[in-house]
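Comments concern the structure below.
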Amino acid sequence: MAIHLTKESKILVQGMTGGEGMKHTRRMLAAGTNVVGGVNPRKAGRTVDFHDRPVPVFGSVAEGMDATGADVTVVFVPPAFTKGAVTEAADAGIGLAVVITEGVPVHDSVAFLDRARKRGTRVIGPNCPGLISPGQSGAGIIPADIAKPGRIGLVSKSGTLTYQLMYELRDIGFSTCVGIGGDPVVGTTHIDCLTAFQEDPETDLIVLIGEIGGDAEERAAAYIRDHVTKPVVGYIAGFTAPEGRTMGHAGAIVSGSSGTARAKQQALEAAGVRVGRTPTETARHVLAVLDSGA
């Protein structure tokens with residue numbers, strides 16, 4: 001199994017005919033993802049050929065869903081148009097919207113996430129790499145060739161660290177890897193993914209990657225303590241970050257002792273999570289847990 005994305009998923013790409021949309025649609029198709037259409041109202045009715053794989057372009061998400069049965073959309077539109085794109089997808093009733101776009105205004109994210117919740121659409125992102133279930137499907141920009149199918153579930157704020165941990169643990173493999181994004185407001189949280197991985201019978205161990213700023217990891221630690229029975233290994237980026245300065249993602253800001261890597265590490269360890277100080281050490285913790293059968 002996998003969470004949120006399987007080989008049965010049918011994917012639309014909003015913004016497929018743009019530069020980034022074209023590039024990553026090509027990569028998703030090469031990885032075996034079932035991309036069934038693009039969405040661009042100005043190019044509706046056209047077909048784009050990707051290595052002899054014709055993909056139709058629809059005028060709206062609703063039109064694409066009606067024609068193909070799509071249940072996932074990947075959003076590759078500029079920040080100014082992201083609110084409209086996600087709102088359109090939610091109003092069409094799509095089950096999952098993966099928002100890759102970086103630089104979305106926070107007030108826009110708040111608005112479209114509220115709309116999506118009311119319509120029953122799960123949003124991953126914004127400002128995220130998407131998700132991949134190796135050997136089944138990938139929605140977004142996560143490379144398909146750095147890991148094989150396996151029984152580790154991974155949830156991460158950071159795209160780059162998602163790739164690095166996938167590579168470090170490539171010989172073991174993953175059920176699903178989810179990059180939730182590092183903005184202050186995101187649609188899917190660590191806790192959402194922890195819940196799904198806990199319920200997935202083919203996920204044996206969970207890797208949680210966080211970073212400085214906010215309290216998402218502390219809240220995840222409390223959830224793990226009370227609800228997660230599978231082993232969890234963690235990594236927090238930002239042990240050397242200076243206090244009071246924004247680092248990397250918009251949500252990564254530390255004030256006093258709140259939100260520091262050390263505080264997050266302590267919260268996770270108190271919940272029974274092994275926490276690495278580097279990606280390589282984190283991978284060693286995963287191997288040790290698997291070897292021990294814990």
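Any value given below was found using the heavy atoms of this structure, including those in side chains, with hydrogens, waters and symmetry copies removed.
Under the 4.5 Å side-chain heavy-atom criterion for Ile, Leu, Val, Met, Phe, Trp and Tyr, Ile3 and Val207 are members of the same hydrophobic cluster. Met65 and Val55 fall into different hydrophobic clusters, defined by Ile, Leu, Val, Met, Phe, Trp and Tyr side-chain heavy atoms under 4.5 Å apart, directly or through other members. Linking ILVMFWY residues whenever their side-chain heavy atoms come closer than 4.5 Å, directly or via other members, leaves Ile236 and Val186 in distinct clusters. Under the 4.5 Å side-chain heavy-atom criterion for Ile, Leu, Val, Met, Phe, Trp and Tyr, Val39 and Val35 are members of distinct hydrophobic clusters. Val75 and Met22 fall into different hydrophobic clusters, where Ile, Leu, Val, Met, Phe, Trp and Tyr side chains are chained together by heavy-atom contacts under 4.5 Å.
With contacts defined as side-chain heavy-atom distances shorter than 4.5 Å, the pair Val104/Lys83 does not qualify. The closest side-chain heavy-atom distance from Gln265 to Val273 is not below 4.5 Å. In this structure, the side chains of Leu161 and Tyr235 come closer than 4.5 Å at one or more pairs of heavy atoms. Considering only heavy atoms from C-beta on, Leu5 stays 4.5 Å or farther from Thr33 through its side chain. The shortest side-chain heavy-atom distance between Asp66 and Phe58 does not fall under the 4.5 Å cut-off. Within the 4.5 Å cutoff, the side chain of Thr101 has no heavy atoms near those of the Asn127 side chain. Val36 places a side-chain heavy atom less than 4.5 Å from the side chain of Leu12. The shortest side-chain heavy-atom distance between Val74 and Gln14 does not fall under the 4.5 Å cut-off.
Under 3.5 Å, the side chains of Ser60 and Glu88 contain no donor-acceptor pair of N or O atoms. With hydrogens and angles left out, the side-chain atoms of Glu168 and Thr280 include a donor and acceptor closer than 3.5 Å. Defined by atom type and a distance below 3.5 Å, a donor-acceptor pair is missing between the side-chain atoms of Ser9 and Ser137. A donor and an acceptor atom, one from each side chain of Tyr223 and Thr195, are located under 3.5 Å apart. A donor and an acceptor atom, one from each side chain of Gln136 and Thr6, are nowhere located under 3.5 Å apart. Checking Thr188 against Arg122 by side-chain atom types alone, a donor-acceptor pair falls below 3.5 Å.
Atom CD1 of Ile142 and atom SG of Cys128 lie 8.0 Å apart (nearest 0.5 Å). From Leu165, atom CG reaches atom CD1 of Ile146 across 10.0 Å, with rounding to the nearest 0.5 Å. The distance from atom CD1 of Ile152 to atom OG1 of Thr203, rounded to the nearest 0.5 Å, is 9.5 Å. Rounded to the nearest 0.5 Å, atoms CE (Met16) and CZ (Phe76) are 11.5 Å apart. A distance of 6.5 Å separates NZ in Lys230 from CG in Asp204, rounded to the nearest 0.5 Å. Atom-to-atom distance recorded for Ile172:CD1 and Met166:CE is 13.0 Å, nearest 0.5 angstrom.
For the pair Lys148 (side chain) and Gly135 (backbone), a donor-acceptor distance under 3.5 Å is absent. The main-chain N or O of Arg42 is found under 3.5 Å from a side-chain atom of Asn40 such that the two form a donor-acceptor pair. Between the side chain of Asp71 and the backbone N or O of Lys10 there is at least one donor-acceptor pair closer than 3.5 Å. A donor-acceptor pair is defined here as one N or O able to donate and one able to accept, closer than 3.5 Å; no such pair exists between the side chain of Ser156 and the backbone of Gly179. Here the side chain of Gln164 pairs no donor or acceptor atom with the backbone of Thr160 at under 3.5 angstrom. Judged purely by atom type and a 3.5 angstrom limit, His285 has no side-chain atom pairing as donor or acceptor with the backbone of Val232. Formation of a donor-acceptor pair under 3.5 Å by the Arg119 side chain with backbone atoms of Ala89 is not found in this model. Between the side chain of Lys264 and the backbone N or O of Gly214, at least one donor-acceptor pair lies under 3.5 Å. Between the side chain of Thr121 and the backbone N or O of Leu96, no donor-acceptor pair lies under 3.5 Å. Side-chain atoms of Arg284 do not come within 3.5 Å of backbone N or O of Pro279 as any donor-acceptor pair.
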Problem - Chi angles and distances behind the side chain to side chain contact (heavy atoms under 4.5 Å, CB included) call for Leu208, Val233 - result: CA-CA 6 Å; Leu208 183 150; Val233 173; over 6 Å; no
Problem - side chain to side chain contact (heavy atoms under 4.5 Å, CB included) assessment of Leu205 paired with Val289 - result: CA-CA 9 Å; Leu205 180 147; Val289 171; 3.5 Å; yes
Practice task
Verify side chain to side chain contact (heavy atoms under 4.5 Å, CB included) between Ile224 and Leu194, making sure each step is shown before the conclusion.
Solution key: CA-CA 8 Å; Ile224 291 167; Leu194 288 165; 3.8 Å; yes
Handout entry: Verdict with supporting geometry, Asp192 and Phe197, side chain to side chain contact (heavy atoms under 4.5 Å, CB included)
Key = CA-CA 9 Å; Asp192 293 328; Phe197 283 132; over 6 Å; no
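The shortest heavy-atom contact between Phe174 and Leu169 is CZ-CB, 3.7 Å. Contact record, Glu218 with Ala267: CG-CB, 4.0 Å, taken as the closest heavy-atom pair. Across every non-hydrogen atom of Val77 and Ala85, the tightest pair is CG2-CB, 3.9 Å. When all heavy atoms of Leu113 and Gly187 are compared, the pair lying nearest together is CD2-CA, 3.5 Å. Annotation for Ile180 and Thr189: closest pair CD1-C, 4.1 Å, computed over non-hydrogen atoms. Nearest heavy-atom pair, Ala92 versus Val61, reported as atom, atom and distance to 0.1 Å: CB-CG1, 3.9 Å.
For Glu63, the CD atom is densely surrounded, since the number of other residues' heavy atoms within 6.0 Å is greater than 12.
Under a 4.0 Å N-O distance rule, the pair Lys157/Glu217 qualifies as a salt bridge. A salt bridge links Lys118 with Asp114: the distance from a Lys NZ or Arg NE/NH1/NH2 to an Asp or Glu carboxylate oxygen falls below 4.0 Å.
For the pair Arg170 and Tyr167, the cation sits on the ring face: its NZ or CZ lies under 6.0 Å from the ring centre, inside 45° of the axis.
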